[in-house]
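Atoms within each ligand, like the ligands themselves, are counted from 1 in listed order.
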Amino acid sequence: MPRISVEDLSKHYGDTVALDDVSFTIPEGEFVVLLGPSGAGKSTLLRLLNGLATPTEGSIYIGDEQVTGKRSDIGMVFQMHYLVETMSAYRNALTGALSRTGFLESVTTSYDESDKLAALEALDTVGLLNEARQRAGSMSGGQQQRVGIARALVQNPALLLADEPVASLDPKAAEEVMRYMKSAAAERDLTTIASLHQVSLAREFGERYIGLRDGRVVFDGTRDDLTMDIVDDIYYDDAEEELGGVLA
Ligand code: ADP
């Protein structure tokens, strides 16, 4: 798996600076958690990494290749899993192969054996092999999100991105989904970048943390470096401090 290099990356939406001169490199296989308050630029960064948005300035490289548009080798897990509820877990996982075969091809030809095997392996990785035939719509939110991870794994991605993957789950399901995501990434030596709202979950599962605030990197370090003071710095709103002073 190649390393990821983000170089002087900025993204503007009109007058809004969503990302402001962000740079970092991620060695292969690292599990990175993106932290930051709402509006910090986490989704924007993930969308740029995925080639779904174009940088205003700067560049992203996966190995030696610059990301210039949507790529089939980047897996994405969303807060909403976007599964086809009437299809089985297996069929949903299998659609991950569409990014490689192309949609038209997938309509006109059947999946090949290696895709089918990849779908079963991916479901096994997320602990759902026994539920492969279950209709996605009848599964719990946590199980559905695990199918979403399996679908991304079937893409055989060079990079796995997850945008608030457990934000809509209860704490127990959220922890379980994170555990499977982490072990899936470790098993495949898959570089992963996940944005997480819940600091406790982030602390439990991250190896490295990138803290964003107002579009800038305000922290980049390991779990040991991520003290509560640093977490406060990333999330704490100065305006609140000023307001607190006025109100006190
Ligand atoms: P986060 O994911 O950390 O909540 P976002 O990346 O969604 O932050 O947003 C960063 C900033 O960019 C915010 O001020 C947001 O309003 C703005 N923004 C994000 N996407 C768009 C867009 N498509 N058009 C205009 N502004 C946007």
- Query: Hydrophobic clusters join Ile, Leu, Val, Met, Phe, Trp and Tyr when side-chain heavy atoms are under 4.5 Å apart, directly or via other members; which others share one with Met87?
  - Reply: Val84
- Task: Would you please test Thr222 and Asp225 for side-chain hydrogen bond (donor to acceptor under 3.5 Å, both in side chains) and show each step?
- Result: CA-CA 5 Å; Thr222 65; Asp225 302 327; 3.0 Å; yes
- Which residues share a side chain to side chain donor-acceptor pair (under 3.5 Å) with Asp8, sequence neighbours left out: Ser23
- Message: Heavy-atom count check: over 12 atoms from other residues, nucleotides or ligands less than 6.0 Å from Glu65 CD?
- Response: no
Enumerate the pairs of nitrogen or oxygen atoms, one from ligand 1 and one from the protein, separated by less than 3.5 angstrom; state names and distance to 0.1 Å.
unit_1	atom_1	unit_2	atom_2	d
ligand 1	2 (O)	Ser43	N	2.8
ligand 1	2 (O)	Ser43	OG	2.9
ligand 1	3 (O)	Ala40	N	3.1
ligand 1	3 (O)	Gly41	N	3.0
ligand 1	3 (O)	Lys42	N	2.9
ligand 1	3 (O)	Lys42	NZ	2.8
ligand 1	4 (O)	Gly39	N	2.7
ligand 1	6 (O)	Thr44	N	2.9
ligand 1	6 (O)	Thr44	OG1	2.5
ligand 1	8 (O)	Gly41	N	3.1

- Note on the structure: Those residues at least two apart in sequence (or on a different chain) that pass side-chain contact (heavy atoms from CB on, under 4.5 Å) with Val217 are Val22, Ile210, Leu212, Asp220
- Message: Against Val126, only a single residue in Val147, Ile149, Val177 fulfils side-chain contact (heavy atoms from CB on, under 4.5 Å); can you say which?
- Response: Ile149
